[in-house]
Amino acid sequence: MLFMVIERFKDRDPIPVYKRVRDQGIKFPEGLSYLGSWIEPNFDRCFQLMECDDVRLIQEWILNCQGLGMTFEIVPVVPSKETREVVAPFLDRK
């Protein structure tokens with residue numbers, strides 16, 4: 001399953017997170033794949049696309065991020081292509 005992880009930096013301060021990444025790297029539990037991320041220009045939020053079959057792996061990763069002042073929102077997402085396939089049979093219904 002795909003998940004959009006919306007991470008909020010405390011006080012819009014990404015420095016603690018980036019210091020930890022620089023010094024310790026990013027440690028994801030085995031089975032949790034990081035696919036990419038995007039940061040808002042004002043450093044308010046980071047949007048990360050993750051993939052895993054067990055949402056508990058995301059919970060474990062979040063617990064490993066404690067102490068950095070971030071909050072997380074986890075949103076299950078479906079790729080647009082797959083959604084179009086589901087919707088297609090309904091497009092011509094009256």
Side-chain angles (χ1 to χ4, degrees):
M1 290 185 68
L2 290 175
F3 298 90
M4 178 63 67
V5 177
I6 304 168
E7 181 179 317
R8 288 191 177 273
F9 299 111
K10 182 179 181 186
D11 300 322
R12 294 186 173 153
D13 182 7
I15 301 302
V17 175
Y18 278 85
K19 279 185 181 177
R20 182 172 174 180
V21 168
R22 180 196 65 193
D23 298 344
Q24 300 176 18
I26 302 175
K27 297 174 179 97
F28 295 108
E30 189 170 329
L32 176 61
S33 298
Y34 165 85
L35 303 178
S37 62
W38 302 263
I39 311 286
E40 285 185 312
N42 65 357
F43 302 113
D44 187 32
R45 296 180 295 179
C46 173
F47 301 89
Q48 299 183 52
L49 189 60
M50 306 279 211
E51 185 173 32
C52 65
D53 292 327
D54 186 347
V55 74
R56 292 176 296 179
L57 297 173
I58 294 177
Q59 292 175 318
E60 180 181 334
W61 171 68
I62 289 171
L63 289 171
N64 286 327
C65 293
Q66 286 183 324
L68 295 175
M70 299 177 297
T71 60
F72 297 89
E73 179 180 352
I74 311 301
V75 181
V77 294
V78 178
S80 295
K81 181 182 179 200
E82 292 177 25
T83 300
R84 280 193 305 271
E85 292 170 1
V86 169
V87 171
F90 294 87
L91 294 177
D92 294 323
R93 286 188 178 180
K94 292 186 179 194

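These numbers come from a predicted model, not from an experiment.
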request  = Step through the shown structure and confirm whether more than 12 heavy atoms of other residues, nucleotides or ligands are within 6.0 Å of CD on E30.
outcome  =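 Counting neighbours around CD of E30, 12 or fewer heavy atoms of other residues, nucleotides or ligands fall under 6.0 Å, so no.
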hydrophobic_cluster_shared for [Y] and [X], side chain cutoff 4.5 Å:
{"X": "F28", "Y": "V17", "value": "yes"}
{"X": "L68", "Y": "F43", "value": "yes"}
{"X": "M1", "Y": "I62", "value": "yes"}

Quick check for you: to the nearest 0.5 Å, what is the distance between [X] atom [atom1] and [Y] atom [atom2]?
{"X": "R56", "Y": "E60", "atom1": "CZ", "atom2": "CD", "result": "10.0 Å"}
{"X": "M70", "Y": "K10", "atom1": "CE", "atom2": "NZ", "result": "12.0 Å"}
{"X": "Q59", "Y": "I74", "atom1": "CD", "atom2": "CD1", "result": "8.5 Å"}
{"X": "K19", "Y": "Q24", "atom1": "NZ", "atom2": "CD", "result": "12.5 Å"}
{"X": "D53", "Y": "L32", "atom1": "CG", "atom2": "CG", "result": "10.5 Å"}
{"X": "I15", "Y": "R20", "atom1": "CD1", "atom2": "CZ", "result": "15.5 Å"}

request  = Would you mind listing every salt bridge (Lys or Arg N to Asp or Glu O under 4.0 Å) that reaches into residues 31-40, with sequence neighbours excluded?
outcome  =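 Salt bridge (Lys or Arg N to Asp or Glu O under 4.0 Å) check on residues 31-40 returns E40-R45.
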query = Do any N or O atoms from the side chain of D11 and from the backbone of D13 form a donor-acceptor pair under 3.5 angstrom?
reply =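 No; judged by distance alone, with no hydrogens or angles, the pair does not exist.
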W61: which of Y34, F3, F72 passes ring pair (Phe, Tyr, Trp, His ring centres under 6.0 Å) =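 That would be F72.
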